[in-house]
Amino acid sequence: MSKVQVRASGPWRALEVLGGIIVIAVAIFALADPQFTTQTLVIVIAAGLIIGGLFRITVGAFATVLPSPLRSLNVTGGVIAFVLGIAALLDLQAAVATLIGILAVALLLVGAVEIGVGVARHPPVWLRLLIVAIGVLTIILSVYVILDMSIGERILTTILALALMLVGIRNIVHGITGHHPIDIQLIGPSMSW
């Protein structure tokens, strides 16, 4: 058995801090104008679905080098993406509610991952506890949104923005602390790379 020292590089730490700052900036923008933010996001996603759908339809129709089942799959997926994009543009309010629900589920998963990261061996103990606490708070906030979709768009956006802010703070703290070296026990025969 051998031990390996793991430490994040300076550029990686800087990237984590920068990522945290960007996430916090996005959260602040969302708090400042939640309706504009969510509607803009829905329009961007809808445009992406329409463009991606048209691309897939084109590939399915004209890429004769592809096998027939793959061409059919491209056309089918393209039509579905195109229709979803158009539907989102036609009913922005329903699309916003759907988007907020999807974001809440995504933040639920992020919170679960944060708890997993906090439980992992990342000294010091205070950092592990902070990561777990942020994960738990993120899960609580996202579950609240999932369970009560009838509350106003502003409250939903505020809750999601706060959860994003917590994740951003966690990234900054994690980047500044530098992922202190940890020992990992390798099990099994030694391998030479």
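Treat the numbers as computed from the prediction; the structure is a model and nothing was measured.
Under the 4.5 Å side-chain contact rule for hydrophobic residues, V113 and L141 share a cluster. L109 and L137 are not part of a single hydrophobic cluster, where members link through side-chain heavy atoms under 4.5 Å apart. Criterion: ILVMFWY side-chain heavy atoms under 4.5 Å apart, direct or through other members. Under it, V79 and I50 are not part of a common hydrophobic cluster.
With a 4.5 Å cut-off on side-chain heavy atoms, I21 and N171 do not count as touching. Contact check for F82 versus L54: side-chain heavy atoms found under the 4.5 Å cut-off. Contact check for V173 versus L130: side-chain heavy atoms found under the 4.5 Å cut-off.
Between V42 and A95, the shortest heavy-atom contact is CG1-CB, 3.5 Å. V132 and V119 get closest at one heavy-atom pair: CG2-N, 4.0 Å. Contact between S142 and I139 at its shortest, heavy atoms only, is OG-O, 3.0 Å. Considering every non-hydrogen atom in both G85 and A46, the closest pair reads O-CB, 3.4 Å.
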Expected list for residues 61-71: side-chain donor-acceptor pairs under 3.5 angstrom, two or more places apart:
from, atom 1, to, atom 2, distance (Å)
R71, NE, G60, O, 2.9
R71, NH2, G60, O, 3.4
R71, NH2, A61, O, 2.9

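Listed for the R13 side chain is a donor-acceptor partner under 3.5 Å among the backbone atoms of I176. Proximity of a side-chain donor or acceptor of R128 to a complementary backbone N or O of G118 within less than 3.5 Å is detected.
Note that the CG atom of L127 and the CZ atom of R170 stand 8.0 Å from one another [nearest 0.5 Å]. Taking CG from L164 and CD1 from I28, the interatomic distance works out to 11.5 Å, rounded to the nearest 0.5 Å. Between I140 atom CD1 and L107 atom CG the span is 13.5 Å, to the nearest 0.5 Å. Interatomic distance, L73 CG to R56 CZ, rounded to the nearest 0.5 Å: 9.0 Å. Atom-to-atom distance recorded for L84:CG and L89:CG is 11.0 Å, nearest 0.5 angstrom. Distance check, rounded to the nearest 0.5 Å: CG of L162 to OG1 of T138 gives 10.5 Å.
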Q: Decide yes or no on side-chain contact (heavy atoms from CB on, under 4.5 Å) for I115 and V136, but give the supporting numbers first.
A: CA-CA 7 Å; I115 292 172; V136 168; 3.7 Å; yes
Q.
Before you tell me yes or no, could you show the steps for I24 and I172 under side-chain contact (heavy atoms from CB on, under 4.5 Å), namely the whole-Å CA-CA distance, both residues' side-chain angles and the distance that decides it to 0.1 Å?
A. CA-CA 10 Å; I24 289 172; I172 291 171; 3.7 Å; yes
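Evaluated for a side chain to side chain contact (heavy atoms under 4.5 Å, CB included) with M165, the options I134, L31, V26 yield exactly one hit, L31.
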